[in-house]
*Asks:* 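A single structure is presented below for examination.
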Protein chains: 2
Amino acid sequence: MTGPERPRRADARRNVEGIRRAALDVFRSGGLTTPLDEVARAAGVSKGTIYHRFGSRRGLIDAVVDELVAERIQGIIAAVGRLDDPLARFEEYLLRMWLLQYDEPAANDVLLRAMPDSEPLVHLCERAQRFALGVLTDAQRAGAVRADLTPEDLHHLILERGVVVQAGLRQSREDYQRRLRFLLDGLRHVPAR
Amino acid sequence: MTGPERPRRADARRNVEGIRRAALDVFRSGGLTTPLDEVARAAGVSKGTIYHRFGSRRGLIDAVVDELVAERIQGIIAAVGRLDDPLARFEEYLLRMWLLQYDEPAANDVLLRAMPDSEPLVHLCERAQRFALGVLTDAQRAGAVRADLTPEDLHHLILERGVVVQAGLRQSREDYQRRLRFLLDGLRHVPAR
DNA sequence: ACAGAAGTTGACTCCATGGTCAAGAAGCTA
DNA sequence: TAGCTTCTTGACCATGGAGTCAACTTCTGT
């Protein structure tokens, strides 16, 4: 759609790259809502330049989201895809998604808010969701996961973790992980009690 | 400590009462962080009056917190206290706290932020926590709840729900409740698997 | 080395919110 | 009802972040 991009001036190219780097850095540690002034400062550039180059906050996010999260999620899908046991696949998928959320504040923002109109993101999320659906139904068919768990539940469980992490209730990674275990146990098939 | 309160003028008394009512109303539906202008509007009074009468946002909250949440929490403690079965007590306590959070956004704010220096609140929270500890250890002694669940976990599980509800991920009360079930099931004693 | 295009800047506007205070309004008492 | 005191008001200050733009700076091709 966009024409053959007439070449930009050298300093412009340099800046765009610098801003991308800075954004990755800043967003990774502070989430997608970090003030753009900070990105600007980190890139040694003025806020105006960011707007000039990327149009808006969202533009910048779109330009960076792939490297920021998409790769990680694809990595998870790939890794889980390599497993055989249905229950292991199910639990590993959730666990890895949840830990990604803990490790990268930005991942939540992506999963939570940036979605509505970032094309590549929507695509990615759909893909993940489709994958999750497969994992879930397999695990249920194998009798490893409770039957009343719906795909929406799964989706919700992930969003929920995002919110929790984002809120910054102090908890060490170990505690976080231990508590995820509680959750997972609650999702397993309940033999008649 | 405060002297015998020389009587206030009639309009002042009327306003204080009106503001309290309005605050209850507004905070109930919007949480404790709702702009005070809204409270003022609802009370048919100017923002300045609120500050004059209550000193600060926190002052207003303190003046209202009891009627807003304290009673509800005490109600829960009382109701659960009447139950006998340890597991039922445990689950009922959590369930009711969680539903309270769903039903009243303000409850979260109370549990989450207002705490640090509101005396009555601190007191109440301590009481609830002590109660929860009893419920937990009883349930664990009875072998109904997993042994590796700590009191901190319990506390955290409640805060967590608060955050989730506050974030306003759309979910009907039914879905919310159904998902709580997953959580509770994950907390039960796990017979050797 | 210069003209003109491309790029950058930072001060500016806007908006929302918390909180303050001098001036004016209203209640109370004699 | 006058006069004193208590109250209320709403305009005002401060903060902090989003986004804009006219003026200035830096490239680049000739």
Side-chain angles (χ1 to χ4, degrees), chain A residues 2-23 26-27 29-64 105-106 109 113-114 116-118 166, chain B residues 2-23 26-27 29-64 105-106 109 112-114 116-118 166 168:
Chain A
T2 16
E5 309 228 343
R6 43 152 69 223
R8 272 192 290 231
R9 242 168 60 178
D11 54 344
R13 249 175 295 130
R14 224 181 309 127
N15 279 336
V16 167
E17 199 34 45
I19 293 170
R20 269 181 41 86
R21 277 180 202 293
V26 169
F27 285 161
S29 59
L32 296 182
T33 60
T34 316
L36 288 196
D37 300 74
E38 252 174 72
V39 178
R41 209 175 323 124
V45 130
S46 105
K47 192 171 43 152
T49 303
I50 297 187
Y51 280 98
H52 184 49
R53 289 281 146 236
F54 295 90
S56 67
R57 169 181 230 92
R58 155 143 283 130
L60 177 58
I61 291 176
D62 282 358
V64 128
D109 295 331
R113 23 173 78 253
D117 41 278
S118 171
Q166 210 168 35
Chain B
T2 17
E5 309 229 345
R6 43 153 67 222
R8 271 191 289 228
R9 244 169 59 178
D11 53 345
R13 247 175 298 130
R14 224 181 309 126
N15 279 336
V16 168
E17 199 33 45
I19 293 170
R20 269 182 42 86
R21 277 180 203 294
V26 169
F27 284 164
S29 58
L32 296 182
T33 59
T34 318
L36 288 196
D37 300 73
E38 252 175 72
V39 178
R41 209 175 321 125
V45 127
S46 103
K47 193 172 45 155
T49 304
I50 297 187
Y51 280 99
H52 183 50
R53 289 281 146 235
F54 296 90
S56 65
R57 166 180 234 94
R58 156 143 282 131
L60 178 58
I61 291 175
D62 282 357
V64 127
D109 295 330
L112 257 53
R113 27 171 72 255
D117 41 278
S118 169
Q166 210 169 35

*Asks:* How close do B:Arg8 and B:Arg13 get, heavy atom to heavy atom, and via which atoms?
*Replies:* O-NH2, 3.1 Å
*Asks:* List, one per line, each side-chain donor-acceptor pair under 3.5 Å for residues 14-21 of chain B, sequence neighbours excluded.
*Replies:*
{"residue": "B:Asn15", "atom": "ND2", "partner": "B:Asp11", "partner atom": "O", "Å": "3.4"}
{"residue": "B:Arg20", "atom": "NH1", "partner": "B:Ala63", "partner atom": "O", "Å": "2.5"}
{"residue": "B:Arg20", "atom": "NH2", "partner": "B:Glu67", "partner atom": "OE1", "Å": "2.7"}

*Asks:* I need the B:Ser46 OG to B:Leu36 CG distance, nearest 0.5 Å.
*Replies:* 11.0 Å
*Asks:* Rounded to whole angstrom units, what separation is found between the CZ atom of B:Arg53 and the C1' atom of D:dC7?
*Replies:* 6 Å
*Asks:* For B:Lys47 and B:Val39: C-alpha separation, side-chain torsions, deciding distance, then whether side-chain contact (heavy atoms from CB on, under 4.5 Å) applies.
*Replies:* CA-CA 8 Å; B:Lys47 193 172 45 155; B:Val39 178; over 6 Å; no
*Asks:* With rounding to the nearest 0.5 Å, note down the distance linking CG in A:Leu60 to OH in A:Tyr51.
*Replies:* 9.5 Å
*Asks:* Nearest-Å distance, NE2 (A:His52) to P (D:dA22)?
*Replies:* 14 Å
*Asks:* Please report the distance, rounded to the nearest Å, between CG in B:Leu32 and C1' in C:dT17.
*Replies:* 16 Å
*Asks:* Atom CZ of B:Arg58 to atom P of C:dG19: distance rounded to whole Å?
*Replies:* 10 Å
*Asks:* Below 4.0 angstrom, which residues in residues 36-45 of chain B have at least one non-hydrogen atom near DNA chain D?
*Replies:* B:Val45
*Asks:* What are the two closest heavy atoms between A:Ala23 and A:Val64, and how far apart are they?
*Replies:* CB-CG2, 4.1 Å
*Asks:* I want to verify a distance call: between C:dG19, C:dG10, D:dG19, whose nearest atom is closest to the A:Arg57 side chain?
*Replies:* D:dG19
*Asks:* Using whole Å, what does the distance between atom P of nucleotide D:dC7 and atom CD1 of B:Ile50 come to?
*Replies:* 16 Å
*Asks:* Hey, are the side chains of B:Gln166 and B:Asp109 touching, using non-hydrogen atoms and a 4.5 Å cut-off?
*Replies:* yes
*Asks:* Between the base of C:dG19 and the side chain of B:Lys47, is there a donor and acceptor pair under 3.5 angstrom?
*Replies:* yes
*Asks:* Would B:Ile61 and B:Phe54 satisfy side-chain contact (heavy atoms from CB on, under 4.5 Å), going step by step from the backbone distance to the final call?
*Replies:* CA-CA 9 Å; B:Ile61 291 175; B:Phe54 296 90; over 6 Å; no
*Asks:* Side chain of A:Ala12, heavy atoms from C-beta onward: which of C:dG18, C:dG10, C:dT8 has the nearest atom to it?
*Replies:* C:dT8
*Asks:* Starting at the 5' end of nucleotides 21-30 of chain C, put B wherever the base has a protein heavy atom under 4.0 Å, S where only the sugar-phosphate does, and a dash everywhere else.
*Replies:* -----BSS--
